[in-house]
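Working notes for the structure below.
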Amino acid sequence: MGQDQTKQQIEKGLHLYQSNQTEKALRVWMRVLEKSADPAGRFRVLGCLITAHAEMGRYKDMLKFAVVQIDTARELEDPDFLTESYLNLARSNEKLCEFQKTISYCKTCLNMQGTTVSLQLNGQVSLSMGNAFLGLSIFQKALECFEKALRYAHNNDDKMLECRVCCSLGNFYAQLKESMKIALQHGDRPLQALCLLCFADIHRSRKDIQTAFPRYDSSLSIMTEIGNRLGLIQVLLGVTKCWMIQKELDKALESIEKAQELAEGLGNKLGLLKLHCLCERIYRTKGQQRELRDHVVKFHECVEEMELYCGMCGESIGEKNNQLQALPCSHFFHLKCLQTNGTRGCPNCRRLSVKPGYV
């Protein structure tokens, strides 16, 4: 079966599927898969089969086709196809409750970014990873993923993704309420504080600031009581973002000052990095150039201290969606820089006069 006939049969299957003639559509697509010699066509028909089996709840079959699609994507040597196939593999494992595998495949997707189509899948990748973290009851990471997915949905006006994220947030909220109930029954104060923080973050992400503030206050009170200074920083970061949403920039700066004192006391460089980033946004809005420059410098000092930059091009890591490569010595580089440079040694290790790692 050639390229044109493959395309024609795929469209025929889609028409049948949209007309609720599912079994007929599946037979058409399976025939294409068996007879087509066109790799791109095979990849597309596998996508149709994966979607159809997902919607029918046949998750083991969904996984089977996702594995075949990965092989087809490798044959095509196209990064877009490879990213899409890894996402389908992640979604298949998510449905089968293989959450650790889901997270691993999602991370692979994110590390393969670099093309327009790949970037468009980021929202779905974040949603799938969030569902996996939720399945493992790692609430804070789940919420972070859902917030990212929701931002992608809003930025791209993707109503279907927005609907799916809201459904996941509903499930998240239900599980969080159950966890809070258990924490109250057993007098687990650290878990109560974490649940309240997550509740507050949810309300903030929905711009429901008046509901978020009391949750932050309650979480702050418990974090102070149990001496969880790292938790206090997270609460104050959330409070700061609430004040920023309400355009109360001076109050936001007050929260930042408290959080900064805690972060400096703990030596928490990541917390300081986030705080300097927020200050940069505030002072840019206020038009205070001297303070703005001060926090830009401090932000880049944190990046330097945490080695969050590529040792070849000098650009910071994480600002943009770029494919990264970690060397055995633990230093990170942009993959394109390693490929362009052609070296197998670690430039950072050479500069520090220690034994270099190798790819």
Side-chain angles (χ1 to χ4, degrees), residues 1 5-76 78 80-109 112 117-118 120-136 145 149 153 158-168 170-171:
M1 187 182 290
Q5 194 176 359
T6 297
K7 184 178 178 181
Q8 185 182 41
Q9 289 299 303
I10 291 172
E11 293 300 326
K12 178 182 176 182
L14 284 170
H15 179 73
L16 289 168
Y17 190 72
Q18 289 162 2
S19 303
N20 292 322
Q21 300 180 63
T22 305
E23 292 303 326
K24 286 184 180 179
L26 292 177
R27 284 196 293 270
V28 170
W29 287 332
M30 286 301 299
R31 195 158 54 246
V32 172
L33 190 60
E34 290 165 7
K35 297 184 178 181
S36 177
D38 173 34
R42 285 172 55 81
F43 182 90
R44 190 182 172 203
V45 81
L46 282 162
C48 294
L49 287 164
I50 289 165
T51 301
H53 283 88
E55 290 179 354
M56 290 187 291
R58 299 178 186 174
Y59 301 133
K60 288 184 179 179
D61 288 327
M62 179 188 179
L63 177 60
K64 179 182 71 176
F65 289 119
V67 171
V68 177
Q69 193 184 48
I70 280 277
D71 294 334
T72 306
R74 286 177 178 144
E75 181 185 343
L76 287 161
D78 184 296
D80 285 336
F81 286 145
L82 203 55
T83 302
E84 184 179 338
S85 59
Y86 269 110
L87 172 59
N88 284 329
L89 199 55
R91 288 173 56 234
S92 303
N93 278 282
E94 176 205 324
K95 298 300 183 186
L96 291 167
C97 300
E98 294 284 357
F99 299 127
Q100 293 290 1
K101 289 182 181 179
T102 301
I103 293 165
S104 176
Y105 290 130
C106 284
K107 287 180 178 178
T108 301
C109 286
M112 293 175 64
V117 175
S118 296
Q120 289 172 352
L121 297 176
N122 264 344
Q124 296 179 50
V125 174
S126 296
L127 173 61
S128 193
M129 190 183 287
N131 287 334
F133 279 126
L134 181 58
L136 294 170
C145 290
D158 188 336
K159 297 300 182 185
M160 182 58 72
L161 176 61
E162 183 179 357
C163 179
R164 289 173 61 202
V165 174
C166 288
C167 287
S168 291
N171 187 24

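Values reported hereafter were calculated over all heavy atoms of this structure, with side chains retained and with hydrogens, waters and symmetry mates removed.
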The reported gap from CG in Leu16 to CZ in Arg27 (rounded to nearest 0.5 angstrom) is 9.0 Å
Interatomic distance, SG@Cys166 vs CG@Asn171, rounded to 0.5 Å, equals 13.0 Å
Report yes or no: does Ser104 contribute a side-chain atom to a donor-acceptor pair with the main-chain N or O of Gln100 at less than 3.5 Å?
-> no
Thr72 and Pro39: which non-hydrogen atoms are nearest, and at how many Å?
-> CG2-O, 3.5 Å
Looking only at non-hydrogen atoms, find the nearest pair between Ser85 and Ile70 and report the distance.
-> OG-CD1, 3.4 Å
Calculate, to the nearest 0.5 Å, the distance between atoms CD1 and CG belonging to Ile103 and Leu136 respectively.
-> 5.0 Å
For residues Ser36 and Asp38, report the shortest heavy-atom separation together with the two atoms involved.
-> OG-N, 3.1 Å
Quick one: does Asn93's side chain have a donor or acceptor within less than 3.5 Å of a partner on Leu89's backbone?
-> yes
Answer yes or no: is there an ion pair linking Glu11 with Arg44, defined by an N-O contact shorter than 4.0 Å?
-> yes
Where Gly135 and Phe99 come nearest, the two heavy atoms and their spacing | CA-CE1, 3.6 Å
Audit row: Cys109, Leu121, side chain to side chain contact (heavy atoms under 4.5 Å, CB included) steps and yes/no = CA-CA 9 Å; Cys109 286; Leu121 297 176; over 6 Å; no
Would you call Leu161 and Leu127 a side-chain contact if the rule is heavy atoms closer than 4.5 Å?
-> yes
Would you say the side-chain atoms of Ser128 pair up with the backbone N or O of Val125, donor to acceptor, closer than 3.5 Å?
-> no
Non-hydrogen side-chain atoms of Leu49 and Val68 separated by less than 4.5 Å = no
Value for NE2 (His53) from CE (Met62), rounded to nearest 0.5 Å, stands at 10.5 Å
Verdict with supporting geometry, Lys107 and Met129, side chain to side chain contact (heavy atoms under 4.5 Å, CB included) | CA-CA 8 Å; Lys107 287 180 178 178; Met129 190 183 287; 3.8 Å; yes
Working to the nearest 0.5 Å, report the span between CG of Leu87 and CD of Gln124.
-> 5.5 Å
Nearest heavy atoms of Thr102 and Glu94, plus distance in Å = OG1-N, 3.0 Å
Check the pair Leu14, Trp29 against side chain to side chain contact (heavy atoms under 4.5 Å, CB included), reporting the backbone distance first and the verdict last.
-> CA-CA 9 Å; Leu14 284 170; Trp29 287 332; 3.8 Å; yes
Non-hydrogen side-chain atoms of Met56 and Leu26 separated by less than 4.5 Å | yes
Distance-minimising heavy-atom pair for Arg42 and Leu33 | NH1-O, 2.5 Å
Within-4.5 Å side-chain heavy-atom neighbours: Asp71 and Glu75 | no
Taken in chain and number order and not counting sequence neighbours, the residues that satisfy ring pair (Phe, Tyr, Trp, His ring centres under 6.0 Å) with Phe133 are none
Just jot down the side-chain contact (heavy atoms from CB on, under 4.5 Å) partners of Ser126, sequence neighbours excluded, or say none.
-> Lys148, Ala149, Tyr152
Nearest 0.5 Å, what's the CD-SG distance between Glu162 and Cys167?
-> 11.0 Å
